[in-house]
Amino acid sequence: MTLPFRCRSQQYWSISLLCLFALVPVRAARAQSAAQRAEIATFRDSLNGVRDTFSLKSLEKRLITVAKVQRDSAMIHIRLGFLSLRMGDLGGHGHYDDAGSEFEWASREQPKWPLPWLGLGLAELGVGDSQVSVVQGMQTMLGKDALTRSANAFARSAEVDPAFIDGLVELSNTALKQRINTRLDVALAALRRSAHTPVAQHPAILLARGRVEREVGSVDSSLAALETLYVRDRNNPVALIELAKTRFLLGRGESLDLWYRGLQRADSVALALYRVDLATLMPDSTLRAFDLARADARVALVRRFWELRDRDELHSSGDRLREHYRRLDFVRRNFRLVSVNRQFDIAERYRSNQVEYDDRGIIYLRHGAPDDRASFNAPGIEPNESWNYRRTEGDLIFHFVARQDVQDYRLVESLFDILGFASAVAMRNGDSLANSSRAESLLRSREGMNPIYSRLLAAGRGGAAQIVTEERALGHRSIVRGTRSDSWPLRYGSRLSARVDVLAVGADSTGPQLQIAFAIPGNALTPIPMQQGVAYVVRLRASVLALDGSTVAVLDTTRRFVARNPVPPQQQLLGRLALHVPPGVFTIRLALESDLRGVLTTRDTLRVASPLGPDLGLSDLVLGTKDVNLLWRTARGDTAWVNPLRTYHRGVPLQLYFEISGLAPATPYRVEMAITKPKGGSIFSKLFGGGGAAIKLGFDGRQGTVGVNGVQRELSLEKLKPGSYSLDVTVTTPAGAKVVRRRSFTVVP
């Protein structure tokens, strides 16, 4: 229960706020005059500049002396109240109780004045909640916590005077901070009532209404209030970030410029808002750099942070930032913690210091909505969820359980941790699943999420222990990756059955190139009828990044292929294009899309040789065949055949093309080529030399003019048996320089 405040000037213990008006007759009151409000505002301003508690205590004594004479003066009690608030802010926590008693007394004297209710709300915030977690939890559940108490007082200030700016703003800010028992409806009603008063266009009211309307889901109303605020002051950094956040939720593209302009102009208040939003994703090292940066440098740092994520996931510039705010909004509504006092179980290896969201919120902010989601409800089983993210570099699987608080889901390593520490240990020690119906039922609830759960169900007593260890390792790796990285891969309605190949080869007058080739089978395409026949629309996206994360090249192109007849089901739609890049070592990711289907490649490493040296360079090996009609004519006039399928018939010669660069004119070199079968296979192949060269040949050459030497060869595959092979090309010089490139391919009958 909330203890009553003690009024020092009257030596009087007041009754609880909840029953104050039921038991105390309300005397006739008049509205507070503008002069009286101005007097209190001046008094508060004078207090804010004082840090000497001795002078404040002297002033307090003088005011108490006056209050004993003018015991019915609400103005004296209001002054004493704000004086006590200031002393509380300077470290005297007990003064918040004193402030509350003075404001309560003033509210009895003048219940129609908003200032006593404003002060009472501020005093409640200062008093805070119990430091005992159990008591604090009870206060919160019963609506006796500090935020609820203060919100009630601020609501009363807005009720007695709908045009009272301070009360409306404090009510809105407090309601936005509340985790349960929220008074957003009260704040919104008060703000909407103020729309018919002269303060409706005040910047503080417009800002408060924009925030509250957005929080309750009225995004259009939020936009209207914040756009009005923006028109009034186009350089207000707080208005800029709040308007941008609302526009992000509506998918408005022009929000990016507002957001970055606000960041560039940010004062300490706006900068704190930006930092809170960024801290949920930025690593500590980047945050430290953010804190030290100023204006333009700060914008450059943050822009690079988001653009790297856009390029890495093949999105348009700014998409990842918009997605971040969409995720923040979703997490705030669905995964917000009620209590900040988190205590961890022994099985909970991941221990976050996050106090705003539970662990589901942490993962959602970093990786978005899961591809698969499962839970299991049964007597004796704590609330639980498992999330699966399908990724080209390996799935991420997360398990959550809520033990101490049904609204606080924690990450655990293994699905069996949901059953408790003892059960998880028993499973690791090899206990049969047949001995635990709960464990078996839990596994069946996740059976469709990952093959490892089907394997566990099928394993006997001896085999289960090893798979249990494997399952825990998978969960551990997922937690490490999931909490230290973020992702937003492109999603498609279904996977496009296609092959994409990237080769660092070729150059023109502007420099080196990448050759990007693709093949899409006819049965994976949807023809678009047209007068000339049919058309196929294919979109190709690519991003090339340097090893430091900077953007080297970006490609996003849509091509329209027109044919007289549809591509037969077993034939391929072939395509190729060139992308200019500088020399160096880079990573590349590609996405090929057609008719809502798509395929996304992993991020591969490329080594692009310089056409001008000074080091010996060797391009990627271009393998092709004339029965796959995809060729490329180089800038030197050579013809290279490209086969993105990497499959070759024994009876059709393989066409090889590569380029040697970096040598001075007339420099001799030696080329060695070997086709080998990869090591592995049966024990007999290992014992008797499996993996040796199936074809081996070499030749000497000499560098011509400055630039590159294009080398073409035709290789017969007739001696090779069907299977997988690797082609290695090694180039050496008399001076000892050496480069090697490898290309894998498959031979079919």
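Note that the structure is predicted; figures quoted are calculated from it, not measured.
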Visitor: Looking at L623, is its backbone amide N or carbonyl O close enough to the side chain of R646 to form a donor-acceptor pair, meaning the two atoms are under 3.5 Å apart?
Guide: no
Visitor: Taking only Lys NZ, Arg NE, NH1 and NH2, and the carboxylate oxygens of Asp or Glu, determine whether D312 and R320 approach each other closer than 4.0 Å.
Guide: no
Visitor: Who passes side chain to side chain donor-acceptor pair (under 3.5 Å) against D638, sequence neighbours left out?
Guide: none
Visitor: Could D620 and R741 be called an ion pair, given the rule that one side-chain N must be under 4.0 Å from one carboxylate O?
Guide: yes
Visitor: Does any donor atom in the side chain of Q703 or Y669 lie under 3.5 Å from an acceptor atom in the other side chain?
Guide: no
Visitor: Check the surroundings of atom CZ in R576: do more than 12 heavy atoms from other residues, nucleotides or ligands lie under 6.0 Å from it?
Guide: yes
Visitor: For the residue pair R309 and F305, would you count it as a cation-pi contact if the rule is NZ or CZ under 6.0 angstrom from the ring centre and within 45 degrees of the ring axis?
Guide: yes
Visitor: Testing L490, L555, L590 one by one against R541 for a side chain to side chain contact (heavy atoms under 4.5 Å, CB included), which residue passes?
Guide: L490
Visitor: Step through the shown structure and confirm whether more than 12 heavy atoms of other residues, nucleotides or ligands are within 6.0 Å of CZ on R742.
Guide: no
Visitor: Between D395 and R481 (salt bridge meaning N to carboxylate O under 4.0 Å), is one present in this structure?
Guide: no
Visitor: Check whether F699 forms a cation-pi arrangement with R713 (NZ or CZ under 6.0 Å from the six-membered ring centre, at most 45° off the ring normal).
Guide: yes
Visitor: Do NZ/NE/NH1/NH2 and the carboxylate oxygens of R491 and D371 come within less than 4.0 Å?
Guide: yes
Visitor: Are the aromatic rings of H399 and W387 close, with centres under 6.0 Å apart?
Guide: no
Visitor: Partners of R322 by salt bridge (Lys or Arg N to Asp or Glu O under 4.0 Å), sequence neighbours excluded?
Guide: D319
Visitor: Just verifying a value: how many Å separate T558 OG1 and R539 CZ, rounded to the nearest 0.5 Å?
Guide: 5.5 Å
Visitor: Closest approach of S487 and R391, non-hydrogen atoms and distance?
Guide: OG-NH2, 3.0 Å
Visitor: Can you sort out the partners of R633 under side chain to side chain donor-acceptor pair (under 3.5 Å), two or more places apart, ordered by chain and number?
Guide: T639
Visitor: Mind checking what makes salt bridge (Lys or Arg N to Asp or Glu O under 4.0 Å) contact with R670, not counting sequence neighbours?
Guide: E672, D700
Visitor: Looking just at side-chain N and O atoms, do Y536 and D595 make a donor-acceptor pair shorter than 3.5 Å?
Guide: no
Visitor: Inspect the surroundings of CG in L596 and state if more than 12 heavy atoms from other residues, nucleotides or ligands are less than 6.0 Å away.
Guide: no
Visitor: Nearest 0.5 Å, please: how far is CZ in F561 from OG in S594?
Guide: 9.5 Å
Visitor: Ring pair (Phe, Tyr, Trp, His ring centres under 6.0 Å): which pairs involve residues 601-654, sequence neighbours left out?
Guide: W632-Y657, Y648-F745
Visitor: Who pairs with R444 by side chain to side chain donor-acceptor pair (under 3.5 Å), at least two apart in sequence or on another chain?
Guide: E440
Visitor: Please check if any side-chain donor atom of T602 sits under 3.5 Å from a side-chain acceptor atom of E393, or the reverse.
Guide: no
Visitor: Using a strict threshold of under 4.0 Å (side-chain N to carboxylate O), is an ion pair present between D728 and R743?
Guide: no
Visitor: How close do V608 and A504 get, counting heavy atoms only, and between which atoms?
Guide: CG2-CB, 4.0 Å
